[in-house]
Amino acid sequence: MERRYFISQAALLAGAVGLPSWGWSANNLAWETGLSEGLENAADEEAWKKIAGQFPKPKGFIQLEHGYFSHALQQVLQFQHSQELNIQSNSSFFMRREQVQSIEQARAALAVYFGWDKETLALTRNTTESLNTIIQGYPWKAGDEVVIGQQDYGSMTESFQQASERYGIVIRYATIPLIPENDDQTINAYLSLVNERTRMLHLTHMINLSGQVIPLDKIIRKARALLQKERMLIVVDAAHSVAHISYSWKDCDADVVAGSLHKWMCAPIGIGFLKIRKEHISLFWPLMADRSIAKTDIRRFEHQGTRPIQAHLGLVEAIKSQAMFGSLRNKAARLYYLKNYWAEKLMDVPGVQIQTPLSQERSGAIANIAMDGMTAEQLTAALWDRSKIFTVAVVHPAIKGIRITPHLSTSISELDVLVNSLKDISRKK
Ligand SMILES: Cc1ncc(COP(=O)(O)O)c(C=O)c1O
């Protein structure tokens, strides 16, 4: 694979402190591979096959459950392994002399990726840690209210429930349809619950159960207009939307955004982020105390003790590797294409329900389906037994079905196996 690096101030700085001097430029995080030709066309199988070949693939089964985390590109994994070896070789020398620069380099690279001020960006282990910092660290008073989604991720719902038990806050659950008729339905589901006691509005950008994308900017805009003078923070769970759908994070007007970079950024497992608007940084208590860092410094949310810094180093490589796809638009369009490729073929099959909106604005790679006469568990088991297709059963008060998540590593022939298997199962059940 051909790679062309760009030299930048940051790379020179990294070299000066003895860190690996991968050439990334602040203006152009480049990882040129010569593979991006044809990728503007989401249906160009020849072009996308070359990308698929860059991921490690499982043996003996078809992996269609990439919603848990996204596997990393081979090159990123190799790089991360080499960095782990370096850390293990130099051991405490790395931790004492080079760790801080490595973290700062990762922070700077991620800030460039998002178009954010790096002083608002903390590197955590995942979304769960980031959002627990926010939910458990807010200075709640009894009677404060929060509005969250009924389909929010379980760990966040439980964190709010713990805060309710601990501090006496009131949780209001917004119920949105699986396939909303229009954006106003979703907006109203949230905003009709907001009142002068609401201190936090928690929005899951892409719902993990179904893959539905909510109209984030519209909700935020209306929420701000509604409560211009009130103290309500807008918090976004972006675990599934970052580096997956085409969205301008630079323009996102939320107070807090949290995400997991081992999902669609394809970074090594165990790296996430927490972005807090500058004026709110001092508001929150960190999960793990660090008295040496100023209350206004975002780094006070990074006190985790000894941890695998190779994940931070691998993150920089993963960010650079995004250039391989030509653009986020190309990547998002391909992920969306893969989902719609199989979902549209099943839409008219009797007894099959697609439980995800299929428009490009409201979905990406993930969709959820149900089949009449079968539980979600039975359907996942049938797919496995018949065709060794791995999916996950979703059993939730709001939705029961199986979640199917292809990735850039998924081939069209694998999706054809899925379609034929589901048609076959629907005939024989
Ligand atoms: C919407 C959403 N939020 C948060 C998480 C938690 O991510 P992590 O396990 O990386 O903390 C997930 C995981 O799938 C998710 O789907």
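Both ligands and their constituent atoms are indexed starting at 1 by order of listing.
Annotation for ligand 1: atoms under 4.0 Å from non-hydrogen atoms of T204 are 1 (C). Which parts of ligand 1 touch N208 is read off a 4.0 Å heavy-atom cut-off, strictly below it: atoms 16 (O). Taking every heavy atom of S260 and a limit of under 4.0 angstrom, the matching atoms of ligand 1 come to 7 (O), 8 (P), 10 (O), 11 (O). Close approach of ligand 1 to M156 is summarised as follows: ligand atoms under 4.0 Å from at least one heavy atom of the residue are 4 (C).
Distances shorter than 4.0 angstrom do not occur between any heavy atom of H205 and any atom of ligand 1. Note on ligand 1: K263 sits in its first shell, one or more heavy atoms being nearer than 4.0 Å.
Applying the 6.0 Å contact sphere to NZ of K141 captures no more than 12 heavy atoms from other residues, nucleotides or ligands. For K57, the NZ atom sits in a packed shell: over 12 heavy atoms of surrounding residues, nucleotides or ligands are nearer than 6.0 Å. Counting heavy-atom neighbours within 6.0 Å of K400 NZ, excluding the residue itself, gives a total above 12.
With a 4.0 Å cut-off on non-hydrogen atoms, H262 touches ligand 1 through its side chain and not its backbone. With a heavy-atom cut-off of 4.0 Å, T128 touches ligand 1 through backbone and side chain alike.
For W249 and Y113, the gap between ring centers reaches or exceeds 6.0 Å. The six-membered or imidazole ring of H66 lies near that of H71, with a centre-to-centre distance under 6.0 Å. Ring centers of F114 and F273: under 6.0 Å apart, within the cut-off.
One finds a salt bridge joining R334 and E45 here, because a Lys/Arg side-chain nitrogen approaches an Asp/Glu carboxylate oxygen to under 4.0 Å.
Residue nearest to atom 5 (C) of ligand 1, selected from Y68, Y153, F69: Y153 (by heavy-atom distance).
The shortest N or O to N or O distance between D237 and ligand 1 is under 3.5 Å.
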